[in-house]
Amino acid sequence: MFPAILGRKIGMTQVFDAKGKRTSVTLVEAGPCVVLQVKKADGADGYDALQLGFDDRKPHRSTKPEIGHARQASTGPKYFVREVRLAGPAEHEIGATIGVDAFAEGEVKWVDVVGTSKGKGFQGGMKRYGFGGQPASHGVERKHRSPGSINGHATDLGGGRIKKGKRMAGRTGGKRSTIRCQELVAVDAEHNLLLIRGGIPGPKGGYVMVRKALTKE
Amino acid sequence: MRNPLFDVVQQKHQRAEELHFDIGDTVVITLRIVEGNKERLQDFEGTVISRKGGGLDEMFTVRRLIGDQGVERIFPIHSPKIVAIKTKRSGKVRRCKLYYLRDRVGKARKLRERRISAEARRAAAEMRSAKSRAVAAANDASAAAKQEMATTP
């Protein structure tokens with residue numbers, strides 16, 4: 001079984017099982033992906049991996065290196081290219097196609113989804129890190145959403161400066177985000193469709209990588 | 001525009017036969033209730049006061065009085081638990097959300113009846129299904145046209 005595939009988030013809806021139980025699902029249009037490169041542990045790369053490409057990109061919008069790289073797999077350039085590490089030597093050749101049948105129903109029950117979260121712009125500590133803010137009353141003025149103390153002043157115990165990595169306001173979202181162990185509800189091989197329970201990172205139309213869950217069988 | 005892949009999922013999960021009822025209708029909903037490994041049918045009767053959402057996510061709200069207490073239940077249209085819906089009476093209404101009924105007390109709760117003959121009802125149902133068929137056909141046609149455009153260079 002090949003453990004991963006690239007795709008695009010379509011959106012959310014809900015499905016029913018025979019008992020009438022409702023499940024929220026995210027639709028992911030996944031594959032077909034092309035193997036653009038095979039990396040080998042005993043080769044120049046020193047590790048086993050497959051490089052996958054998804055979604056054709058017009059040649060005139062691509063760079064020559066991209067076109068040349070894709071030509072080695074006898075295909076065109078792709079919008080979304082990602083590498084998947086493998087535990088052993090790859091079973092796939094360069095130029096091979098990987099579809100959702102890799103997730104054939106029943107074989108994979110849980111998946112991890114890797115995507116880019118929605119960008120939120122510059123946000124304060126409350127939204128960005130879930131800080132509690134300050135009280136609404138009891139003498140608090142104009143500082144209800146402030147992060148509070150960021151350090152004490154200089155003593156023998158240290159302090160006197162702000163520690164590196166102190167969580168503060170800043171650019172939020174728009175970063176790589178992984179959601180683990182989501183239930184794979186259904187696979188539609190005919191339409192290259194995966195139904196994944198619950199939400200996944202990113203906007204509709206965003207690219208995602210779906211892989212067999214690393215930590216749950 | 002809605003991604004056509006939603007239709008793929010909907011076709012697989014939607015109910016086989018469309019439910020026909022209007023806002024303001026007094027309906028009897030037959031529900032399949034599973035208790036342990038026993039199954040029985042239960043009716044819920046009330047007035048449809050809202051219908052919202054689209055596709056598989058469409059829901060409707062039914063309001064009734066139990067004792068003196070208003071009770072509302074919200075159902076997914078496509079839920080397999082709904083076995084059947086029967087319209088007992090049609091109300092004369094001028095809007096699509098009847099939330100104002102919540103504030104009414106006593107006689108004012110009642111909706112005036114919209115009397116339609118069985119024949120007219122059938123005609124309306126037919127028109128509705130013809131319309132949905134036409135919409136489906138138009139969707140298919142546009143999808144086919146798009147396909148053609150994509151395949152012919």
Original post:
Should the pair A:R57 and A:F80 be classed as cation-pi, given the thresholds of under 6.0 Å to the six-membered ring centre and 45° from the axis?
Top reply: no
**OP:** Using the six-membered ring of A:F131, assess whether NZ or CZ of A:R167 lies under 6.0 Å from its centre and within 45 degrees of the ring axis.
**Re:** no
Original post:
Does a donor on one side chain sit under 3.5 Å from an acceptor on the other, for A:Q14 and A:R22?
Top reply: yes
Original post:
Hey, are A:Q123 and A:Y129 close enough side-chain-wise for a donor-acceptor pair under 3.5 Å?
Top reply: no
Original post:
Which one of A:S24, A:G205, A:G11 has the most heavy-atom pairs closer than 4.5 Å to chain B?
Top reply: A:G11
Region of [X] in contact with chain B, defined by heavy-atom distances below 4.5 Å:
X: A:I10; result: both
X: A:N192; result: neither
X: A:K19; result: backbone

Original post:
Considering the options A:R82, A:R8, A:K78, which one meets the salt bridge (charged side-chain N to carboxylate O under 4.0 Å, His left out) requirement together with A:D55?
Top reply: A:R8
Subject >> Region of B:V34 in contact with chain A, defined by heavy-atom distances below 4.5 Å >> reply: neither
